[in-house]
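Below you'll find the structure, written out as structure tokens, and then a few comments.
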Amino acid sequence: MNTEVVYLDEQALDDHMIRRAAEIIRADGTVVFPTETVYGLGANALSEKAVEAIFAAKGRPSDNPLIVHISHLDMLVYLIGEPLSDKARLLIQRFWPGPLTLIFKKSGKVPSSVTAGLDTVAVRMPDNPAALELIRASGLPIAAPSANISGKPSPTLPEHVVSDLQGRVDMILCSTKSRIGLESTVLDLSGSIPVILRPGGVTYEELAEVLGEVRIDKGLLDAHCTPKSPGMKYTHYAPDADMVIVKGSINSVQEKIQALAASKASEGLSVGVLASDETAGYYKNVNVLSLGSRKNYAVIASNVFEKLREFDIIGVDVIYAEAYDEQGMGLAVMNRMKKAAGFNMIEVQP
Ligand code: TXA
Ligand code: MG
């Protein structure tokens, strides 16, 4: 397949390019576009054929449902076929456009391939001018998973998308690095109490402030429970190397990682350490990448996928990653790191 690769300036959008991308969407083609979380691989959410092309391009299992992206609340009413609840209204007012995906009971208008046969649909309004203009110009809700080959870390830079999907989609709209760098929070509103199925760009604490009561799906906290969101059960975001997370006080974590790294190096293996600005200088004779300062979890979050991909390019055999507190954005950071590591975690005592 011939892929048209276009570079966009989000401050001064090229109408001609957006119209061209919208025509592709209307003709059941596939377009990769930037969002504030990660890049998305989009197609017409109301067409079975278009949605099948998404699954084919990503190599995604068909039992994993997609998020439908909208630019206007009229589209949401169409997708869910009933008026919004008070909770939904409050959340939308506070967090849309933005990194919050809401799950509702669906109307008969949503093809079953989008929702993998479930009776619910996931919807979000992205906070990115190119994404919103593309949806508006096509006049259609756009189904879009993250624009990576299934199982790989999600793409936060245009080069990630080009390396994964060139030749597999009709068009790629390239822009800057994704501002948030981790996917949206997925919140299930289909039951009586809202449940977080995937932590992401909107934190548990922010949701609790608006809703009062919010639960976190047990499957996210316990490796032995099956998560409720189909997508969360797959090994995901995985770099080529084996990955191990080390948790504990910062000094003991550093010592443990340095000892493990030295032992792997003595076996002739190439070792990567996923550190922070405060700790990176400590490690010797290993490939160290920093996620940023521990004082700013938003920055840490924005670099996770990029650094995992960098380790793939360096070609390390094993990655040791320092753990973070599971508060604020730390919950989403640790969720992605645990999945990348296949829940392989060592806890060290101080
Ligand atoms: O930030 C994001 O959400 C990005 C950008 C492109 O918008 N999209 C994204 O899509 O991360 P994807 O397909 O990689 O992840 C969608 C997640 C999966 O875990 C999927 O199982 C879950 O949402 N999901 C979708 N529909 C669902 C439903 N009806 N019930 C439960 N989980 C659902
Ligand atoms: Mg994904």
Side-chain angles (χ1 to χ4, degrees), residues 30-43 45 51 54-55 57-71 79-80 95-106 110-128 130-132 134-135 141-156 160-161 164-165 173 175 178-191 194-202 217 219-220 226-238 301-302 305 332 335-336 339-340:
T30 45
V31 176
V32 172
F33 59 95
T35 86
E36 81 283 26
T37 56
V38 301
Y39 279 78
L41 195 187
V51 169
I54 293 178
F55 284 95
K58 268 188 74 109
R60 179 176 176 113
S62 61
D63 65 349
N64 191 4
L66 305 176
I67 295 171
V68 180
H69 296 67
I70 61 170
S71 58
L79 296 168
I80 68 177
F95 298 111
W96 279 11
L100 178 66
T101 293
L102 299 175
I103 296 192
F104 302 93
K105 287 263 178 326
K106 71 171 189 175
V110 186
S112 67
S113 53
V114 171
T115 60
L118 299 174
D119 62 357
T120 52
V121 60
V123 186
R124 103 175 175 97
M125 190 185 285
D127 186 16
N128 176 285
L132 289 171
L134 174 62
I135 303 165
I142 295 183
S146 49
N148 50 286
I149 294 284
S150 208
K152 287 249 161 240
S154 298
T156 57
H160 299 159
V161 179
D164 276 20
L165 293 177
L173 299 176
S175 178
S178 313
R179 179 164 57 82
I180 293 175
L182 291 183
E183 300 90 338
S184 60
T185 300
V186 177
L187 183 72
D188 188 352
L189 289 183
S190 68
V195 185
I196 295 175
L197 303 185
R198 178 178 72 180
V202 171
D217 181 26
L220 295 180
T226 305
K228 198 169 168 236
S229 177
M232 300 306 282
K233 70 176 186 257
Y234 299 105
T235 306
H236 232 149
Y237 319 120
S302 73
F305 288 138
N335 169 264
R336 303 310 188 273
K339 288 176 65 66

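For ligands, and for the atoms within them, numbers begin at 1 and follow the listed sequence.
Each of Val186, Leu187, Leu118, Leu189 was scored for a side-chain contact (heavy atoms from CB on, under 4.5 Å) with Ile103, with one residue passing: Val186.
Comparing Ala143, Pro145, Ala147, Gly200 against atom 12 (P) of ligand 1, the shortest heavy-atom distance belongs to Pro145. In this structure, of Pro65, Ala144, Ser184, the residue bringing a heavy atom nearest to atom 2 (C) of ligand 1 is Ser184.
Not one N/O/S atom of Ser154, from backbone or side chain, sits under 2.8 Å from the Mg ion (ligand 2).
Using a cutoff of 4.0 Å between basic side-chain nitrogens and carboxylate oxygens, Glu36 and Arg124 are scored as salt-bridged.
Under a 4.0 angstrom heavy-atom cut-off, His69 registers as being in contact with ligand 1. At least one heavy atom of Thr120 lies less than 4.0 angstrom from ligand 1.
Contact of the Asn148 side chain with the Pro153 side chain is not registered, since no non-hydrogen atoms from C-beta on lie closer than 4.5 Å.
Between Ser146 and ligand 1, an N or O atom pair is found at a separation short of 3.5 Å. The N/O atoms of Tyr39, backbone and side chain alike, include none that comes under 3.5 Å of an N/O atom in ligand 1. Between Thr37 and ligand 1, a contact under 3.5 Å exists for at least one N or O pair. For a threshold of 3.5 Å applied to N or O pairs, the pair formed by Lys58 and ligand 1 contains no separation below that value.
A search for side-chain contact (heavy atoms from CB on, under 4.5 Å) contacts involving Ser71 returns Met75, Leu132, Ile135, Arg136, not counting sequence neighbours. By the salt bridge (charged side-chain N to carboxylate O under 4.0 Å, His left out) test, Asp188 pairs with Lys228, sequence neighbours left out.
No side-chain donor-acceptor contact under 3.5 Å links Ser184 to the backbone of Leu100. Using a distance-only test at 3.5 Å, with no hydrogens or angles considered, a donor-acceptor pair links the side chain of Tyr39 to the main chain of Ser175.
The proximity of Leu197 to ligand 1, defined as any non-hydrogen pair under 4.0 Å, is limited to the side chain. With a 4.0 Å cut-off on non-hydrogen atoms, Arg60 touches ligand 1 through its side chain and not its backbone.
When only modelled atom types and interatomic distance are considered, Glu183 and Ser154 share a side-chain donor-acceptor pair under 3.5 Å.
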